[in-house]
K.L.:
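One structure is given below, represented as structure tokens, and several questions about it will come after.
Keep in mind that this is a model prediction, so the values were computed, not measured. Position 1 is the first residue of the sequence; numbering continues from there.
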Amino acid sequence: MAEISSSRIVITVLGKNRPGIVAGVTRVLGEANVDIRDITQSIIEDIFTMTMLADTAESKLDFAELQEALADAGELSGVNVSIQREDVFNFMYRL
């Protein structure tokens with residue numbers, strides 16, 4: 001079974017594709033010292049989707065601050081960025 005930690009978050013990004021989306025999101029994570037553990041993205045027609053699993057154990061920002069910084073970065077890129085704690089995500093989507 002995969003490792004589950006209370007410091008891990010699931011980040012989702014959705015919007016119209018354009019240059020700089022990944023750069024904007026990863027810049028925020030890098031500056032906050034958040035470790036990206038896994039990432040997947042796809043573009044269907046001009047719809048951009050990205051899901052990331054990240055570890056915030058060493059983050060300089062708390063959950064609310066990170067959430068706000070990512071939402072701001074998403075707004076600049078014209079996409080919606082949301083985060084949730086991995087344990088909450090797993091509880092919501094358990095089989």
Side-chain angles (χ1 to χ4, degrees):
M1 180 175 237
E3 166 193 354
I4 296 177
S5 167
S6 62
S7 65
R8 288 173 33 149
I9 59 171
V10 177
I11 303 165
T12 56
V13 182
L14 178 64
K16 185 173 179 176
N17 186 45
R18 61 181 280 196
I21 297 171
V22 176
V25 172
T26 57
R27 178 190 50 77
V28 169
L29 297 175
E31 289 174 357
N33 202 38
V34 173
D35 183 27
I36 298 169
R37 304 304 303 263
D38 200 358
I39 182 172
T40 183
Q41 74 160 59
S42 64
I43 301 167
I44 303 170
E45 297 286 331
D46 64 346
I47 300 170
F48 176 89
T49 65
M50 179 169 64
T51 305
M52 305 171 87
L53 180 63
D55 192 322
T56 61
E58 303 294 323
S59 179
K60 299 174 184 175
L61 303 177
D62 67 25
F63 185 86
E65 293 169 329
L66 184 60
Q67 188 173 35
E68 183 177 344
L70 287 168
D72 290 347
E75 190 174 320
L76 288 173
S77 295
V79 295
N80 181 310
V81 181
S82 63
I83 68 173
Q84 35 182 172
R85 298 181 195 283
E86 182 187 31
D87 50 357
V88 172
F89 178 88
N90 286 331
F91 181 79
M92 289 176 56
Y93 298 101
R94 70 180 185 266
L95 295 176

K.L.:
side-chain contact (heavy atoms from CB on, under 4.5 Å) with N17: which residues, sequence neighbours excluded?
P.N.:
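Partners of N17 by the side-chain contact (heavy atoms from CB on, under 4.5 Å) criterion, ordered by chain and then number, come out as I21, I43, F48.
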K.L.:
Check whether any side-chain heavy atom of M50 sits under 4.5 Å from a side-chain heavy atom of I39, and report yes or no.
P.N.:
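Of all side-chain heavy-atom pairs linking I39 with M50, at least one is under 4.5 Å.
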K.L.:
Compare all side-chain heavy atoms of I9 with those of M52 and state whether any distance is below 4.5 angstrom.
P.N.:
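No - every pair of side-chain heavy atoms lies 4.5 Å or more apart.
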K.L.:
Quick check: closest heavy atoms across G20 and S77, and the distance to 0.1 Å?
P.N.:
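Closest pair (atom of G20, atom of S77, distance): O-OG, 4.0 Å.
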K.L.:
Is S59 reaching over with its side chain to a backbone N or O of A32, donor-acceptor style, under 3.5 angstrom?
P.N.:
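The answer is yes, because a donor-acceptor pair under 3.5 Å joins these two groups.
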K.L.:
What about F63 and V34, same hydrophobic cluster or not, with Ile/Leu/Val/Met/Phe/Trp/Tyr joined at side-chain heavy-atom distances under 4.5 Å?
P.N.:
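In one cluster: yes.
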K.L.:
Do you know the tightest heavy-atom contact between K16 and V79?
P.N.:
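Heavy atoms of K16 and V79 come nearest at O-CG1, 4.1 Å.
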K.L.:
Tell me, yes or no, whether the heavy-atom count around E75 atom CD, taken from other residues, nucleotides or ligands under 6.0 Å, exceeds 12.
P.N.:
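Count not over threshold, so no.
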K.L.:
Using the side-chain hydrogen bond (donor to acceptor under 3.5 Å, both in side chains) rule, take S7 and T56 through it: C-alpha gap first, then chi angles, then the decisive distance, then the call.
P.N.:
CA-CA 5 Å; S7 65; T56 61; 4.9 Å; no
K.L.:
Any sub-3.5 Å donor-acceptor pair from N33's side-chain atoms to E58's backbone N or O?
P.N.:
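Yes; at least one donor-acceptor contact below 3.5 Å.
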K.L.:
Do the side chains of V25 and V13 get nearer than 4.5 Å, heavy atoms only?
P.N.:
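With C-beta onward as the side chain, the pair touches.
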K.L.:
Side chains of residues 64-71: which donor-acceptor pairs under 3.5 Å do they make with residues two or more places apart or in other chains?
P.N.:
{"unit_1": "E65", "atom_1": "OE1", "unit_2": "D62", "atom_2": "N", "d": "2.9"}

K.L.:
Is there a side-chain contact between T51 and V10, using heavy atoms and a 4.5 Å cut-off?
P.N.:
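With C-beta onward as the side chain, the pair touches.
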K.L.:
Heavy atoms only: give me the nearest G24-A73 pair and the separation to one decimal.
P.N.:
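For G24 and A73, the tightest heavy-atom pair comes out as O-CB, 3.9 Å.
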K.L.:
Can you sort out the partners of E31 under salt bridge (Lys or Arg N to Asp or Glu O under 4.0 Å), two or more places apart, ordered by chain and number?
P.N.:
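Salt bridge (Lys or Arg N to Asp or Glu O under 4.0 Å) check on E31 returns R27.
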K.L.:
Calculate, to the nearest 0.5 Å, the distance between atoms CD and CZ belonging to Q84 and R8 respectively.
P.N.:
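One finds 14.0 Å between CD of Q84 and CZ of R8.
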K.L.:
With side chain to side chain contact (heavy atoms under 4.5 Å, CB included) as the criterion, how do I36 and T26 come out once you've worked through the C-alpha distance, each side chain's angles and the decisive distance to 0.1 Å?
P.N.:
CA-CA 8 Å; I36 298 169; T26 57; 3.8 Å; yes
K.L.:
Do I11 and L29 touch side chain to side chain, with heavy atoms closer than 4.5 Å?
P.N.:
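Yes; the side chains approach each other to less than 4.5 Å.
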